[in-house]
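Order of listing sets the numbers, starting from 1, for every ligand and every atom in it. Along the sequence shown, residues are numbered consecutively beginning with 1. Predicted, not measured: the structure shown is a model, and the values here were computed from it.
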Amino acid sequence: MPHVPKSNGRPPWRATVLTLFPEMFPGPLGVSLAGQALTAAIWTLRTVPIRDFGLGRHRTVDDAPAGGGAGMVMRADVLAAAIDHAREAEPQAPLLYLSPRGERFDQALARELSSGPGVLLVAGRFEGVDERVIAARSMREVSIGDYVLSGGELAAMVLIDAVVRQLPGALGDGMSAGQDSFANGLLEAPQYTRPEVYEGEAVPPVLVSGHHAKIERWRLKASLGRTWQRRPELLERRGLSDAERALLQEFKEELKKD
Ligand code: 4HQ
């Protein structure tokens, strides 16, 4: 039987997405961990169809860019009307515009958003939205990474998924977001399962030793080592305790051996 998380006894965290493509939702947010948390009322999802606020017989939402150039731009008046409508139900939630020009979304922002009442997300299409509505409605611009998507919907889903897994009760019993990569500012240690030998490669013996203190030490050393090898800027940002510095030194010594 599929595991359904129990309600956590708080009011649900509320995600509202303004979009021209409400049929994209819940999409991947309706299955697995996020979907089970949605079923368990740990969070709620509402879409606001921007087209409902479009102008005229054709419900126009966009127009040509001022100054010329390719593509279309979402109209400030139309988007502001959609935002003002969504705000009535959501007076407290932060208003975010997904855009490659925004501040980078990271685990710290996921955690910050998970501690609030929810989010109002604007998922733009076309070449973007009229700059004046960003200022007029004090939108915080957030980017999920340095690449260009066809619209903000997938970015909104990424953000929501990362926040939902931080909500109390969203992870199954015995699981914890505290063990995830970035939870402690480091990349996770490598993972193994059976078989104990696969194509001649054994699981590191300490992991099958049953010695929990040694396992924790091995994992921290591996985390520090991987982060140093792959994402040194994360270590710079986070800093190291004396004990961690010593463990990382051990990792580097072991590298020289093999
Ligand atoms: N887009 N991080 C352009 C993104 C994006 C990103 C969303 C494409 C907004 C207008 N959003 N639209 N990267 O690429 O958040």
Side-chain angles (χ1 to χ4, degrees), residues 13-29 34 43 45-55 58-87 90 93-114 116 118-166 180-182 231 233-234 237:
W13 187 82
R14 297 183 301 276
T16 305
V17 185
L18 285 71
T19 172
L20 285 170
F21 296 100
E23 66 275 21
M24 288 177 72
F25 293 84
L29 298 174
W43 70 289
L45 176 63
R46 177 179 174 220
T47 53
V48 172
I50 297 171
R51 183 74 59 190
D52 290 357
F53 301 86
L55 304 175
H58 300 290
R59 299 235 163 272
T60 300
V61 299
D62 60 337
D63 208 331
M72 299 290 270
V73 175
M74 204 173 282
R75 289 179 60 118
D77 49 359
V78 170
L79 187 52
I83 291 168
D84 295 347
H85 170 80
R87 257 272 171 262
E90 234 19 285
L95 174 62
L96 274 47
Y97 171 54
L98 282 311
S99 152
R101 296 182 307 193
E103 63 178 293
R104 181 64 63 81
F105 181 66
D106 64 8
Q107 195 68 11
L109 183 50
R111 247 182 259 127
E112 177 188 324
L113 294 172
S114 75
V119 281
L120 272 180
L121 300 176
V122 174
R125 283 271 153 178
F126 321 120
E127 310 317 305
V129 306
D130 187 305
E131 188 70 21
R132 294 169 293 180
V133 73
I134 298 175
R137 293 298 178 271
S138 304
M139 292 195 255
R140 183 171 179 184
E141 286 189 74
V142 174
S143 168
I144 66 159
D146 291 343
Y147 36 77
V148 181
L149 303 170
S150 307
E153 289 81 6
L154 287 172
M157 289 179 196
V158 165
L159 182 150
I160 291 167
D161 185 83
V163 172
V164 163
R165 50 181 292 113
Q166 297 294 322
D180 288 348
S181 279
F182 310 115
R231 300 291 304 279
E233 79 282 9
L234 292 180
R237 170 142 55 128

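Ranking the protein heavy atoms by distance from atom 9 (C) of ligand 1 puts L98 O, 3.3 Å first. The protein atom (non-hydrogen) at minimum distance from atom 6 (C) of ligand 1 is P100 N, 3.8 Å. The protein heavy atom nearest to atom 12 (N) of ligand 1 is G124 O, 4.0 Å. Scanning the protein heavy atoms around atom 11 (N) of ligand 1, the nearest turns out to be S99 N, 3.4 Å.
Note on D106 versus R104: no salt bridge recorded, every NZ/NE/NH1/NH2 to OD/OE distance being 4.0 Å or above.
Annotation: Y147 places an N or O atom under 3.5 Å from an N or O atom of ligand 1; distance criterion only. Residue contacts with ligand 1: G152 is placed with no nitrogen or oxygen under 3.5 Å of a nitrogen or oxygen of the ligand (distance criterion only). Below 3.5 Å of separation, one finds an N or O of G145 facing an N or O of ligand 1.
Between E153 and R125 there is a side-chain heavy-atom pair separated by less than 4.5 Å. Side chains of L29 and W43 form a contact here, defined as non-hydrogen atoms less than 4.5 Å apart. Considering only heavy atoms from C-beta on, M157 comes within 4.5 Å of M24 through its side chain.
Within the 3.5 Å criterion, the main-chain N or O of D130 finds no donor-acceptor partner in the side chain of R75. A side-chain donor-acceptor contact under 3.5 Å links S143 to the backbone of G145. Side-chain atoms of R87 come within 3.5 Å of backbone atoms of A93 as a donor-acceptor pair (strictly under, hydrogens ignored).
Listed by number with element, the atoms of ligand 1 under 4.0 Å from a non-hydrogen atom of A155 are 11 (N), 15 (O). Near V148, the atoms of ligand 1 lying under 4.0 angstrom from a non-hydrogen atom of the residue are 14 (O). Atom numbering of ligand 1 starts at 1 in the shown order; those under 4.0 Å from a heavy atom of G128 are 10 (C).
Taking each heavy atom of R140 and E112 in turn, the nearest pair found is NH1-OE2, 3.2 Å.
Counting heavy atoms only, I144 comes closest to atom 2 (N) of ligand 1 of the residues L121, I144, V129, L96. Of the listed residues (V142, L149, V73), the one carrying the non-hydrogen atom nearest atom 8 (C) of ligand 1 is L149.
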